[in-house]
Amino acid sequence: EVQLQASGGGLVQTGGYLRLSCAASGFRFYDYAIGWFRQALGKEREGVACMSSNDGIQYYADSVKGRFAISSDNAKNTAYLLLNSLKPEDTAVYYCASRSPGRTSSENFCSGEIATDWGRGTLVTVSS
């Protein structure tokens, strides 16, 4: 059974940064897809950053491109999301999700429709 635990959220000022972590148990970083999604109050869930062993690409939503970076430490079974140059519109609950085996592109995984495992979210609040 895959379990994902997201952490690292908090309150930060505009222009600040945070690093979110997603600790995965029962999951191995080979033949996988993993990503970060967010949902702001009253808005639909958005896939912001995803990666898949199927294409080796890091996919980013246009709203975060150039500011966020997804990475993983396979030895620690942990994925990360570095959030830079934060804006108030980045305020949301951030979730990590995975699928193993991946068998999908990074972009397709960021649609959120084929993720099989979801972690609890971590709240990111950006003050203006």
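- Applying the side-chain contact (heavy atoms from CB on, under 4.5 Å) criterion to Ser128, with sequence neighbours excluded, gives Thr14, Pro88.
- Residues satisfying the side-chain contact (heavy atoms from CB on, under 4.5 Å) test with Leu18, not counting sequence neighbours, are Val12, Leu86, Val124.
- For the pair Gln58 (side chain) and Ile70 (backbone), a donor-acceptor distance under 3.5 Å is present.
- Across every non-hydrogen atom of Ala24 and Leu4, the tightest pair is CB-CD2, 3.6 Å.
- By the side-chain contact (heavy atoms from CB on, under 4.5 Å) test, Ser71 is found to be paired with Tyr80, residues two or more places apart in sequence or in another chain being considered.
- In this structure a side-chain-to-backbone donor-acceptor pair under 3.5 Å is present from Thr91 to Val126.
- Identified under the side-chain hydrogen bond (donor to acceptor under 3.5 Å, both in side chains) test for residues 104-119, with sequence neighbours left out: Asp55-Ser106, Thr104-Asn108.
- By the 4.5 Å heavy-atom criterion applied to side chains, Met51 and Ile34 are counted as neighbours.
- Residues meeting the side-chain hydrogen bond (donor to acceptor under 3.5 Å, both in side chains) test with Arg103, sequence neighbours left out: Asp31.
- Residue pairs meeting the salt bridge (charged side-chain N to carboxylate O under 4.0 Å, His left out) criterion with at least one partner in residues 66-80, sequence neighbours excluded, are Arg67-Asp90.
- Put simply, CH2 on Trp36 and OH on Tyr94 are 10.5 Å apart, with the number rounded to the nearest 0.5 Å.
- Among residue pairs with one or both ends in residues 89-128, those qualifying as disulfide (SG to SG under 2.5 Å) are Cys22-Cys96, Cys50-Cys110; sequence neighbours excluded.
- Scored by the side-chain hydrogen bond (donor to acceptor under 3.5 Å, both in side chains) test, Asn74 finds Ser72 as partners (sequence neighbours excluded).
- No side-chain heavy atom of Phe109 sits less than 4.5 Å from a side-chain heavy atom of Asn54.
- Across all their heavy atoms, Thr78 and Ser21 have their closest contact at CG2-CB, 4.2 Å.
- A donor-acceptor pair under 3.5 Å is absent between the side-chain atoms of Asn84 and the main chain of Tyr17, judged by distance alone.
- In this structure, the side-chain contact (heavy atoms from CB on, under 4.5 Å) partners of Gln3, at least two apart in sequence or on a different chain, are Glu1, Ser25.
- Clustering ILVMFWY residues whenever any of their side-chain heavy atoms sit less than 4.5 angstrom apart, transitively, puts Leu82 in a cluster other than the one holding Val64.
- Sorted pairs that involve residues 91-100 and meet salt bridge (charged side-chain N to carboxylate O under 4.0 Å, His left out), not counting sequence neighbours, are lacking altogether.
- Taking hydrophobic clusters as Ile, Leu, Val, Met, Phe, Trp and Tyr residues chained together by side-chain heavy-atom distances below 4.5 Å, Tyr59 does not share a cluster with Tyr95.
- A distance of 9.5 Å separates CZ of Arg38 from CG of Leu81, quoted to the nearest 0.5 Å.
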From CA spacing to verdict: side chain to side chain contact (heavy atoms under 4.5 Å, CB included), Ile57, Ser52: CA-CA 7 Å; Ile57 293 173; Ser52 170; over 6 Å; no
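- Residues satisfying the salt bridge (charged side-chain N to carboxylate O under 4.0 Å, His left out) test with Arg120, not counting sequence neighbours, are none.
- Residues Leu123 and Val48 are members of separate hydrophobic clusters, defined by side-chain heavy-atom contacts under 4.5 angstrom among Ile, Leu, Val, Met, Phe, Trp and Tyr.
- Residues satisfying the side-chain hydrogen bond (donor to acceptor under 3.5 Å, both in side chains) criterion with Glu89, sequence neighbours excluded, are absent altogether.
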